[in-house]
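The next block holds one structure in the form of structure tokens; read it before the comments.
As a basis for the values below, the full set of heavy atoms in this structure was taken, side chains included, without hydrogen atoms, waters or symmetry mates.
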Amino acid sequence: MFSFQFQFSNFKMTLTGYYNDIQQMINWVPGSSGYWTPKNIDEVATYGAEFFLNYKKQFGRHLLALNGTYAYTVSENKITKKQLIYVPYQKATGSIYYAFQDLFIETQALYNGEVFTRSDNNPRYNLDAYWLWNAGLGYHISKSFTLGGKVRNLLNSDYQNVEDRRMPGTNYTIYLTLNF
């Protein structure tokens, strides 16, 4: 594993690379009856890189924070040379957070790359890559209480994380958080 970090004033960048050689990995896979069951994979190589960017700046009573991540992951059965199921090669996120005193607004975009759902990596059964966009608004009532709301899947994307299990379309959350 290697990691490189660069920081200048309010800007931070991190790049991390890794390689793991795993023996006797237990992987949970969907079974024929609908239940997930453990399966032993003798040898797995997992390697990739992660990139992280962060910018945070306070302007008097204003705060701006920008974040971005990107990950490239290979998780391969060393015997079959196939990518493990439900492990995307690529994932990315980006977010913007802006606050004025105790009022804040935030938005987030997420990308999840295509995944295999069969161990033979048959492209016929792949789950498509997808983008999601979320947004939120909140108010820090005090140091202990935050009241807010979020809209998830703002663009009403049709996507699945698991085969034949559609995720919800646009949905809304109102929350009151207590920190102690």
Side-chain angles (χ1 to χ4, degrees), residues 1-30 36-57 64-98 106-136 150-171:
M1 183 170 111
F2 75 88
S3 186
F4 167 77
Q5 189 172 74
F6 171 77
Q7 188 163 352
F8 178 75
S9 185
N10 300 313
F11 177 78
K12 182 178 178 181
M13 180 182 76
T14 304
L15 176 63
T16 303
Y18 59 90
Y19 179 87
N20 293 305
D21 188 5
I22 303 168
Q23 306 297 315
Q24 307 301 323
M25 180 177 164
I26 302 298
N27 193 23
W28 285 86
V29 297
W36 288 66
T37 57
K39 179 183 177 188
N40 185 48
I41 302 174
D42 292 330
E43 299 178 56
V44 174
T46 300
Y47 56 92
E50 297 175 352
F51 183 67
F52 175 74
L53 287 172
N54 174 263
Y55 175 79
K56 190 174 185 179
K57 179 74 174 170
L64 177 65
L66 308 170
N67 290 297
T69 64
Y70 173 78
Y72 179 79
T73 304
V74 174
S75 193
E76 180 180 88
N77 181 322
K78 289 174 73 174
I79 295 167
T80 65
K81 304 295 186 208
K82 304 288 185 182
Q83 178 83 345
L84 297 184
I85 64 171
Y86 293 106
V87 179
Y89 284 111
Q90 299 183 72
K91 278 185 119 169
T93 64
S95 67
I96 301 170
Y97 175 91
Y98 169 76
E106 56 191 341
T107 186
Q108 177 189 51
L110 302 113
Y111 172 79
N112 196 77
E114 177 181 48
V115 296
F116 297 106
T117 62
R118 305 290 192 279
S119 58
D120 65 358
N121 289 181
N122 185 336
R124 180 177 174 195
Y125 301 103
N126 291 0
L127 292 181
D128 293 333
Y130 61 85
W131 280 95
L132 294 178
W133 184 25
N134 304 317
K150 291 187 178 185
V151 180
R152 298 182 195 267
N153 194 359
L154 197 62
L155 300 176
N156 202 28
S157 298
D158 182 19
Y159 71 103
Q160 298 176 52
N161 287 327
V162 177
E163 187 177 23
D164 295 326
R165 296 192 182 160
R166 299 231 176 273
M167 297 302 290
T170 302
N171 60 89

Self-check item: Side chain proximity check, M167 to N161, heavy atoms < 4.5 angstrom
Solution: yes
- [ ] Keeping the roles fixed (side chain from N67, backbone from S95), state whether a donor-acceptor pair exists under 3.5 Å.
- [x] no
Heavy atoms of E43 and Q23 approach each other most closely as CG-OE1, 3.4 Å
Smallest heavy-atom separation, Y19 atom then A45 atom, equals OH-CB, 3.8 Å
Margin query: Between M25 and T46, is there a side-chain heavy-atom distance shorter than 4.5 Å?
Written below: no
- Query: Taking T14 for the side chain and F52 for the main chain, is one N or O donor matched with an acceptor at less than 3.5 Å?
  - Reply: no
> Quick one: are I96 and L64 in side-chain contact, heavy atoms under 4.5 Å?
Replying inline: yes
>> With heavy-atom distances below 4.5 Å as the criterion, would you say the side chains of T107 and N134 are in contact?
In response: no
Item to check | Residue pair Y159 / N153, side-chain heavy-atom distance below 4.5 Å | outcome: yes
If you count heavy atoms of other groups shown closer than 6.0 angstrom to NZ of K78, is the number above 12? yes
Of all heavy-atom pairs linking V87 and V115, the shortest is C-CG1, 3.9 Å
Stepwise, does the side-chain hydrogen bond (donor to acceptor under 3.5 Å, both in side chains) test hold for Y70 with Q90?
-> CA-CA 7 Å; Y70 173 78; Q90 299 183 72; 2.8 Å; yes
On the 0 to 90° scale, with breaks at 30° and 60°, tag the Y86-W36 ring pair as parallel, tilted or perpendicular. tilted
When every non-hydrogen atom of N10 is compared with those of K56, the smallest separation belongs to CB-O, 2.8 Å
Next on the checklist: Around atom CZ of F2, are there more than 12 heavy atoms from other residues, nucleotides or ligands closer than 6.0 Å?
Outcome noted: yes
Separation between CD1 (I85) and CZ (F116), nearest 0.5 Å, reads 11.5 Å
message: Counting C-beta onward and ignoring hydrogens, is there a side-chain heavy-atom pair between Y130 and L110 closer than 4.5 Å?
response: no
Is there a side-chain contact between R118 and E163 in this structure, where contact means two heavy atoms from C-beta onward sitting under 4.5 Å apart?
yes
For this session: Kindly say whether R124 contributes a backbone atom to a donor-acceptor pair with the side chain of N122 at under 3.5 angstrom?
Result: yes
In terms of heavy-atom contacts, P38 and W28 come closest through CD-CZ3, 3.4 Å
For K91 and N112, the nearest pair of non-hydrogen atoms, with its separation, is CE-OD1, 2.8 Å
query = Can we say R166 and D158 salt-bridge, meaning some charged N sits less than 4.0 Å from an Asp/Glu carboxylate O?
reply = yes
(request) Report yes if some heavy atom in the side chain of D42 is under 4.5 Å from a heavy atom in the side chain of Q24; otherwise report no. (result) yes
